[in-house]
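The next block holds one structure in the form of structure tokens; read it before the comments.
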Amino acid sequence: MEKIVVGEIETNCYIVPHENGKAFVIDPGGEAARIAARLDALSLLPCAILLTHGHLDHIAALPELVSIFEQRKIGLEIIIHKNDSMFLGEDSFSAHCATFAAATGGSDDFVRDIWQGMPCATRFMEEGDVIGRFSVIHLPGHTQGSVALYDAKNARVFSGDTLFRGTVGRTDLPESSAALLKKSLARILTLPGGTTVFSGHGGQTSIEDEKALFL
């Protein structure tokens, strides 16, 4: 597994080998050419892009990444929870502007500075879906469609912006809910204590360590 920290907001993008020389890309938040170059260096072809949620700092590289691999005649699945579908497709610009205006106290300059038209999802994930080695856990709160991707065999979970080392995701954004995040936090913390947590930003932690803080 490879972690690449990308974009102005320093989002963790993960490359997770799948099978037969293919890989999943989780949360390509920027720097598409760098992500593609790392895949090439690892001799891996992306088969799907898995999005823990739809905020722009987790999906900004999507248009260019799709274009890079389309030029190589490699199609990519783009998979997100249906409750975050408003962040993809031709009508998504206004949703991203509203989110970043709320996050910054009024400015949507970040969106306008980096905006490229967003592709649509090719598939929606739901609670309990199995995608390769991952089981999907729906964890609304930071966004309505936030998910974690749980790899039980390798005792790891990709938590997006639901759970970080020592803290949790923001709930002051238009699509957020503190009450739902509290329930989702309690749920993710039921995973085995030895599970390593790979978050959307910052360093890794473990379920055991976060239980000690939050429970």
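What you see is a predicted model, and the numbers here were worked out from it, not measured in a lab.
- Side-chain contact between Thr104 and Phe110 is absent, with no heavy atoms from C-beta onward closer than 4.5 Å.
- Side-chain atoms of Glu127 come within 3.5 Å of backbone atoms of His138 as a donor-acceptor pair (strictly under, hydrogens ignored).
- Dense packing is recorded around NZ of Lys3, with more than 12 heavy atoms of other residues, nucleotides or ligands lying under 6.0 Å away.
- For Glu8, the CD atom is loosely surrounded, since the number of other residues' heavy atoms within 6.0 Å does not exceed 12.
- With rounding to the nearest 0.5 angstrom, the CG atom of Leu139 is 10.0 Å from the OG1 atom of Thr52.
- Every residue was checked against the side-chain contact (heavy atoms from CB on, under 4.5 Å) condition with Ala98, not counting sequence neighbours, and none meets it.
- Ring centroid separation for the pair Tyr150 and Phe134 does not come in under the 6.0 Å cut-off.
- Note that OG1 of Thr195 is 10.0 Å distant from CD of Glu208, once rounded to the nearest 0.5 Å.
- Ion pairing of Lys22 with Glu77 is absent here, as no side-chain N (NZ or NE/NH1/NH2) approaches a carboxylate O to less than 4.0 Å.
- For the atom pair CD1 of Ile188 and OG of Ser159, the computed distance is 5.0 Å after rounding to the nearest 0.5 Å.
- Atom CG of Leu88 and atom CE of Met118 lie 7.0 Å apart (nearest 0.5 Å).
- No donor-acceptor pair under 3.5 Å is formed between the side chain of Arg133 and the backbone N or O of Ala152.
- The ring of His55 has its center closer than 6.0 angstrom to the ring center of His142.
- Rounding to the nearest 0.5 angstrom, the gap separating the CD atom in Glu2 from the CG atom in Asn12 is 13.0 Å.
- Taking a 6.0 Å sphere around NZ of Lys211, one finds it holds more than 12 heavy atoms contributed by other residues, nucleotides or ligands.
- Arg156 is listed as a side-chain neighbour of Met1, based on a closest heavy-atom distance under 4.5 Å.
- A salt bridge links Asp40 to Arg72: at least one charged side-chain nitrogen sits closer than 4.0 Å to a carboxylate oxygen.
- Between the side chain of Asp151 and the backbone N or O of Asn154 there is at least one donor-acceptor pair closer than 3.5 Å.
- Counting all heavy atoms, side chain and backbone alike, Val25 lies closest to Cys13 at CG1-SG, 3.8 Å.
- Within the model, atoms CG of Asp84 and OG of Ser92 stand 12.0 Å from one another, a figure rounded to the nearest 0.5 Å.
- Between Phe87 and His53, the closest side-chain pair of non-hydrogen atoms is not below 4.5 Å.
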